[in-house]
Amino acid sequence: MGMQRLLLIVALAVVNRPLHIYGNLLVESSSSSVPKGYQVRSFRKVVNVKDYGARGDGDSYDNMAFTKAWKAACSSSTPVTLLVPAGSTYLLKPTTFFGPCKSAVVVTIKGTMLASARISDWNGTDRSYWILFNGVKNLTVKGGGIINGNGQVWWKISCKVDSSHECKVAPTALTFHSCNNLRVKNLRFKDSQQMHVSFSQCANVDVSSVTISAPGTSPNTDGVHVSGSINVMISNSIIRTGDDCLSIVGGSRAVTATNIVCGPGHGISIGSLGANGAEETVSDILVDTARLEGTTNGVRIKTWQGGKGYARNITFKNIVMDSVKNPIIIDQNYCDSTKPCSEKKSAVAISGVTYKNVRGTSATDVAVDFDCSRTVPCRGIVLQDINLVTANGVSSKSVCHNINLSKNGNFVP
Ligand SMILES: *[C@@H]1O[C@H](CO)[C@@H](O)[C@H](O)[C@H]1NC(C)=O
Ligand SMILES: *[C@@H]1O[C@H](CO)[C@@H](O)[C@H](O)[C@H]1NC(C)=O
Ligand SMILES: *[C@@H]1O[C@H](CO)[C@@H](O)[C@H](O)[C@H]1NC(C)=O
Ligand SMILES: *[C@@H]1O[C@H](CO)[C@@H](O)[C@H](O)[C@H]1NC(C)=O
């Protein structure tokens with residue numbers, strides 16, 4: 001019995017009235033059919049994809065059914081749930097759910113959404129997306145189900161895996177673009193084609209209790225990617241992939257991540273910023289309570305030479321590193337390119353970065369590596385209570401270029 005219902009019964013018992021429960025949800029608007037003094041909220045309307053022809057046999061495409069069901073849900077004038085029932089696997093080609101909708105929509109995914117393994121299903125559509133929510137306000141996506149990107153066919157043709165292939169984008173499994181007031185919770189992501197879940201140009205986003213898993217060798221399979229988004233909270237999530245656990249890039253502000261477990265993968269990353277001379281800004285980032293297990297980086301800020309803009313007011317605190325190759329790293333000479341990057345005058349300015357209570361083990365001798373730009377040095381970098389040792393317990397080293405540091409508390413290295 002839910003706590004709310006229990007409290008209702010207790011409250012009713014106290015005032016000694018007969019007990020009626022109308023629907024399974026409490027208490028919002030009054031209705032004439034209800035005894036005086038009681039209020040009920042009506043049942044939420046439910047739109048079930050199976051009622052719109054979804055087969056859920058994992059073999060025939062269910063796009064048509066999902067598109068029709070979304071249309072019905074999105075045009076509902078009362079709050080509505082789009083239900084993807086449990087016990088079935090829904091095979092889907094690239095699919096877009098457009099807003100705006102008439103009311104708040106909850107998408108409850110209990111079953112498995114499985115991506116088509118035919119790359120040609122993306123012919124004539126944007127290869128960057130598999131499932132896309134575009135321009136939806138007051139959206140919740142939850143339900144405990146699985147989003148399976150079925151990415152193996154895409155990994156094989158990645159230029160990072162096989163250099164004979166051209167470098168081309170592969171789909172992000174789930175993208176939210178231009179969504180305001182968005183909650184994503186209790187979902188499992190698996191084997192995305194490229195990134196697992198991405199937020200672009202969104203505001204007021206709450207992501208919680210998601211688990212993301214893909215092999216450590218899968219290329220570019222970032223866990224959660226945030227770009228151009230404001231007020232984003234990510235909490236209580238476990239992310240094990242082949243690329244960044246969390247990546248926060250240009251135009252993002254007020255992003256908080258708490259209670260995150262990462263690894264394998266490339267760790268928590270701000271950037272890369274400033275590629276091809278771009279002006280980009282990231283600010284007001286807090287990562288509080290994270291555990292990184294066997295990742296190539298711990299907490300990283302990476303910018304290309306020649307960029308403009310800034311990354312500032314960034315705090316990493318209460319972080320545990322478990323055999324991480326570069327636990328703390330700022331790389332202002334980032335160069336993820338087949339050609340070497342030449343030295344440039346401008347750079348994305350990095351300032352106001354605090355590392356507090358970061359401890360654990362480094363898989364290499366250098367636990368702290370600040371490689372800042374000569375022309376735009378890092379400013380206001382604060383280290384407080386850092387304790388990073390190598391796996392055999394020997395104290396590790398730090399490397400600093402073009403940086404002004406202040407240190408507080410205990411500090412190793
Ligand atoms: C979204 O929620 C806000 C605040 O509750 C409300 O004012 C607005 O009308 C809602 N819009 C939709 C489309 O549900
Ligand atoms: C998709 O495009 C590829 C490459 O352009 C082509 O070889 C293939 O025949 C196309 N498939 C379909 C189903 O259109
Ligand atoms: C810095 O970022 C934090 C969020 O991590 C925010 O609470 C604080 O207001 C920001 N400080 C400034 C000066 O903007
Ligand atoms: C560090 O600060 C000192 C004093 O404020 C200044 O002279 C020096 O140029 C700064 N170094 C860098 C790399 O910013």
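Atoms within each ligand, like the ligands themselves, are counted from 1 in listed order.
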Distance-only polar pair, side chains of N392 and T390, donor-acceptor under 3.5 Å
yes
Which of the numbered atoms in ligand 1 are below 4.0 angstrom from a heavy atom of A104?
14 (O)
Sort out for me which residue in D385, N259, N357, T258 forms a side chain to side chain donor-acceptor pair (under 3.5 Å) with N318.
N357
Just let me know how P100 lines up against ligand 1, side chain, backbone, both or neither, with a heavy-atom cut-off below 4.0 Å.
neither
Can you tell me if the gamma sulfurs of C101 and C74 fall under 2.5 Å?
yes
R127 side chain to V169 backbone, donor-acceptor under 3.5 Å:
yes
Has ligand 1 got any nitrogen or oxygen that is less than 3.5 angstrom from a nitrogen or oxygen of N138?
yes
Show the numbers, then the answer: is there a disulfide bond (SG atoms under 2.5 Å apart) between C202 and C179?
CA-CA 5 Å; C202 292; C179 291; 4.7 Å; no
for atom 13 (C) of ligand 1, nearest protein heavy atom and its distance come out as C101 O, 3.5 Å
Distance from atom 5 (O) of ligand 3 to nearest protein heavy atom, with residue and atom:
L286 CB, 3.4 Å
Pairwise side-chain contact, D191 with N148, heavy-atom cut-off 4.5 Å (strictly under)
yes
Can you name the atoms of ligand 1, numbered from 1 with element, that are less than 4.0 Å from a heavy atom of S103?
14 (O)
Pick whichever of D284, N313, V287 has a heavy atom sitting closest to atom 10 (C) of ligand 3.
N313
Looking only at side-chain N and O atoms, does T112 offer a donor or acceptor that is under 3.5 Å from a partner on K190?
no
May I ask whether atom 7 (O) of ligand 3 is less than 4.0 Å from at least one protein heavy atom?
no
Can you find a protein heavy atom closer to atom 2 (O) of ligand 1 than 4.0 Å?
yes
